[in-house]
Engineer: 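Sending over a structure as structure tokens; questions will come in a sec.
When a ligand or atom number is given, it counts from 1 through the structure's own listing order.
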Amino acid sequence: MNNQPFHASIITLYPEMFPGPLGSSLAGRALDKGLWQLETIALREFGTGKHRQVDDTPAGGGAGMVLKPDVLAAAIDHVSESEDRRPRLLMSPRGRVLDQAYVRELACGPGALIVCGRFEGVDERVIEARDLQEVSIGDYVLSGGEPAAIVLLDAIIRLIPGVMGNAQSGEHESHESGLLEHPHYTRPQLFEGREIPPVLTSGNHGKVKDWQRLEAERITGARRADLFPGDNKKDD
Ligand code: SAM
């Protein structure tokens, strides 16, 4: 059992982007309460020469610049000692695509060292030499790893014990059960001619649960049939 708060260390050329959205709402309150910790490491400080150079032209030619391996390795070694058990992640469109199971796995751990790429990316040798695990937030390309790191951390932080007010509220959400979530309604009872489904105001909890399950299956089947596990796959 790990009693230390989740500890995120971000290596970035733009430390001013943090905490950014993570300083507000649920994640911000949790940060204030010490339920997780955030540290930024300015990659520029490890740059070489008079101009603190962090990048160089790609070997073999081509457009753009590549983050230098010696600079990135120095930043990683500065923040992560040998006894640091945290995974070392590199935000990258080539990486393992983030899903709720991976988020949960990371949230159960001691934290993460997160490298934010820029330009064309990172010299391959530092990925190998520092055992960086590449993580993608989806099949599209951002201009930098910082927004991806914020997405990753937002998903992790809400799962840290004590962060969400209602301990149950995470369990029934989309992707937790393999299904997308059922629709939600609240007052007024009648909105622009549309009523709340009567079962939800019937007071019959069993029927409400059945309705929610059927709706979750209907929506998942219509939008993301690929999520149904093997035998339960819906054909309609
Ligand atoms: N040349 C790289 C490629 O084609 O794979 C893309 C580099 S991208 C312009 C710059 C940086 O943004 C990457 O090094 C990475 O850190 C980040 N990035 C871009 N798309 C991402 C994604 N889908 N998930 C996570 N990080 C991403």
Engineer: Kindly state if atom 12 (O) of ligand 1 has a protein heavy atom within a strict 4.0 Å cut-off, that is, under 4.0 Å?
Structural biologist: yes

Engineer: Please report which non-hydrogen protein atom sits nearest to atom 24 (N) of ligand 1, along with the residue it belongs to and the distance in Å to one decimal place.
Structural biologist: Ile137 N, 3.1 Å

Engineer: Which residue and non-hydrogen atom of the protein lie closest to atom 14 (O) of ligand 1, and at what distance in Å?
Structural biologist: Gly117 CA, 3.4 Å

Engineer: Below 3.5 Å, N or O to N or O, backbone or side chain included: is there any such pair between Cys116 and ligand 1?
Structural biologist: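 By distance alone, the answer is no.
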
Engineer: Suppose we measure from atom 15 (C) of ligand 1 to each protein heavy atom; which comes out shortest, and what is that distance?
Structural biologist: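 Residue, atom and distance for the closest contact: Met91 O, 3.0 Å.
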
Engineer: Given Leu22, which of Leu31, Ile157, Leu38 fulfils the side-chain contact (heavy atoms from CB on, under 4.5 Å) condition?
Structural biologist: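 Of the listed residues Leu31, Ile157, Leu38, the side-chain contact (heavy atoms from CB on, under 4.5 Å) partner of Leu22 is Ile157.
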
Engineer: Check ligand 1 against Gly121 and write out every atom of the ligand that is under 4.0 Å from a heavy-atom position of the residue.
Structural biologist: 14 (O)

Engineer: Can the positive tip of Arg52 be found less than 6.0 Å from the middle of the six-membered ring of Phe46, inside 45° of the ring normal?
Structural biologist: no

Engineer: Any N or O of Val141 that comes nearer than 3.5 Å to an N or O of ligand 1?
Structural biologist: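 Min N/O separation from ligand 1 is not below 3.5 Å for Val141.
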
Engineer: Show, in sequence, the C-alpha distance, side-chain angles and deciding distance for Thr12 and Glu146, and conclude whether the side chain to side chain donor-acceptor pair (under 3.5 Å) test is met.
Structural biologist: CA-CA 7 Å; Thr12 170; Glu146 291 80 4; 2.6 Å; yes

Engineer: With a heavy-atom distance limit of 4.0 Å, tell me whether Val135 approaches ligand 1 through its side chain, its backbone, both, or neither.
Structural biologist: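 Only the backbone of Val135 comes within reach of ligand 1.
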
Engineer: Distance to 0.1 Å, residue and atom name: give those for the protein heavy atom nearest to atom 23 (N) of ligand 1.
Structural biologist: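 Checked against all protein heavy atoms, atom 23 (N) of ligand 1 sits closest to Tyr140 O, 2.8 Å.
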
Engineer: Going from CZ on Arg88 to CD1 on Ile127, what distance comes out if it is rounded to the nearest 0.5 angstrom?
Structural biologist: 13.5 Å

Engineer: Look only at interatomic distance and state if Ser92 has a nitrogen or oxygen under 3.5 Å from any nitrogen or oxygen of ligand 1.
Structural biologist: yes

Engineer: Does an N or O anywhere in Leu142 fall below 3.5 Å from an N or O of ligand 1?
Structural biologist: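 Looking only at distances, the answer is yes, because the N/O contact criterion of under 3.5 Å is met.
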
Engineer: Under 4.0 Å from any heavy atom of Gly145, which atoms of ligand 1 are there?
Structural biologist: 12 (O), 16 (O), 17 (C)

Engineer: Quick one: NE2 on His78 to CG on Leu43, what's the gap to the nearest 0.5 Å?
Structural biologist: 11.5 Å

Engineer: Just need the protein heavy atom nearest to atom 27 (C) of ligand 1, so name the residue and atom and give the distance.
Structural biologist: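 Ranking protein heavy atoms by distance from atom 27 (C) of ligand 1, first comes Pro93 CD, 3.6 Å.
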
Engineer: Rounded at 0.5 Å granularity, tell me how far CD1 in Ile219 sits from CD in Glu181.
Structural biologist: 9.0 Å

Engineer: Return yes or no for this condition: an N or O of Ala148 is under 3.5 Å from an N or O of ligand 1.
Structural biologist: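 So ligand 1 has no N or O lying under 3.5 Å from an N or O of Ala148.
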
Engineer: Can you tell me how far the NZ atom of Lys68 sits from the CG atom of Asp55, to the nearest 0.5 Å?
Structural biologist: 8.5 Å

Engineer: Could you give me the CA-CA distance, side-chain angles and deciding distance for Arg125 and Glu128, then say whether salt bridge (charged side-chain N to carboxylate O under 4.0 Å, His left out) is met?
Structural biologist: CA-CA 5 Å; Arg125 293 167 296 175; Glu128 294 164 8; over 6 Å; no

Engineer: State, without any angle test, whether Gln100 and Glu176 hold a side-chain donor-acceptor pair at a distance under 3.5 Å.
Structural biologist: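 A donor-acceptor contact under 3.5 Å links the two side chains.
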
Engineer: Are the side chain of Ser80 and the backbone N or O of Asp77 linked by a donor-acceptor pair below 3.5 Å?
Structural biologist: no

Engineer: Within the 4.0 Å heavy-atom shell around Ser136, which atoms of ligand 1 are there?
Structural biologist: 23 (N), 24 (N), 25 (C)

Engineer: Which protein non-hydrogen atom lies closest to atom 2 (C) of ligand 1, naming both residue and atom, and how far is it?
Structural biologist: Glu120 O, 3.3 Å

Engineer: Starting from atom 7 (C) of ligand 1, which protein heavy atom do you reach first, and at what distance in Å?
Structural biologist: Phe119 O, 3.4 Å

Engineer: I'd like to know if the side chain of Ser9 pairs up with that of Glu39 as donor and acceptor (distance under 3.5 Å, no hydrogens or angles considered).
Structural biologist: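 Checked: Ser9/Glu39 side chains pair up, N/O donor to acceptor below 3.5 Å.
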
